[in-house]
Amino acid sequence: DRLSINFSTSGGGRLRIGLQDENGADIPGFTLDDCDLQYGDELDRVVSWNGKSDVGNLRGRPVRMVVELKDADLYSFVFMNHRRRDNDID
């Protein structure tokens, strides 16, 4: 399972996403500080935290997203089930 975003940043811009539980507490491993910086202009970028993108252990749990934007726009996001195919490239 993955979080995919459609976003755009300026040359010096960036985006980070943190995940929290229903009470607003940071979920370990998915904090803003854990999030790998996202920059560029993409329709379907998979978000990662410390190099890992699997959010499957959060399935069925309510989560809050904390989005930090610096000279950036977030157009859409989707949590999706990603089934690996033989021709997928990491």
Side-chain angles (χ1 to χ4, degrees):
D1 295 347
R2 309 280 190 264
L3 170 60
S4 180
I5 57 175
N6 173 356
F7 75 105
S8 172
T9 70
S10 69
R14 68 174 190 229
L15 177 148
R16 295 190 307 169
I17 296 177
L19 301 179
Q20 299 178 336
D21 66 19
E22 66 273 12
N23 298 314
D26 289 335
I27 298 174
F30 297 97
T31 67
L32 276 177
D33 288 337
D34 293 327
C35 187
D36 298 319
L37 290 179
Q38 309 296 316
Y39 52 89
D41 185 0
E42 291 200 34
L43 296 173
D44 189 18
R45 166 82 60 86
V46 175
V47 179
S48 59
W49 295 265
N50 296 320
K52 300 176 184 173
S53 60
D54 185 13
V55 294
N57 62 336
L58 304 177
R59 182 187 290 241
R61 294 174 47 188
V63 296
R64 294 180 182 189
M65 285 180 39
V66 178
V67 179
E68 178 185 80
L69 303 168
K70 179 182 178 198
D71 293 324
D73 295 302
L74 177 63
Y75 303 112
S76 65
F77 66 91
V78 62
F79 286 91
M80 60 185 184
N81 184 323
H82 177 78
R83 300 212 185 274
R84 186 169 181 81
R85 296 180 301 257
D86 288 338
N87 61 349
D88 282 353
I89 298 173
D90 289 333

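The residues of the chain are indexed from 1 along the displayed sequence.
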Practice item. Look at the side chain of Asp36 and the backbone N and O of Gly51, then say whether any donor-acceptor pair between them is shorter than 3.5 Å. Key: yes
Check your understanding: Do any N or O atoms from the side chain of Asp21 and from the backbone of Asn23 form a donor-acceptor pair under 3.5 angstrom?
Key -> yes
Review point. Would you call Glu22 and Arg61 a salt bridge, taking side-chain N to carboxylate O under 4.0 Å as the test?
Key: no
Check your understanding: Any side-chain heavy atom of Arg16 sitting closer than 4.5 Å to one from Asp33?
Key -> yes
Practice item. Quick one: closest heavy-atom pair of Leu32 and Gly18, and the distance? Key: CD2-N, 3.5 Å
Check your understanding: Taking ILVMFWY side chains as joined if any heavy atoms are under 4.5 angstrom apart, and letting links pass through other members, which residues group with Leu58?
Key -> Leu3, Ile5, Phe7, Leu15, Ile17, Leu19, Ile27, Phe30, Val47, Trp49, Val55, Val63, Met65, Val67, Leu69, Leu74, Phe77, Phe79
**Study point:** Nearest-0.5 Å distance that lies between atom CG in Asp41 and atom CG in Asp73
**Key:** 9.5 Å
Point to revise | Heavy-atom closest contact (Arg14 atom, Ala72 atom, distance) | key: O-CB, 3.5 Å
**Study point:** Working for side-chain contact (heavy atoms from CB on, under 4.5 Å), residues Asn81 and Arg59
**Key:** CA-CA 10 Å; Asn81 184 323; Arg59 182 187 290 241; 3.1 Å; yes
Practice item. Starting at OG of Ser48, measure out to CZ of Arg2 and round the result to the nearest 0.5 Å. Key: 10.0 Å
Exercise for review: Before giving the answer on side-chain contact (heavy atoms from CB on, under 4.5 Å), spell out for Asp44 and Asn6 the whole-Å C-alpha distance, their side-chain angles and the decisive distance to 0.1 Å.
Suggested key: CA-CA 5 Å; Asp44 189 18; Asn6 173 356; over 6 Å; no
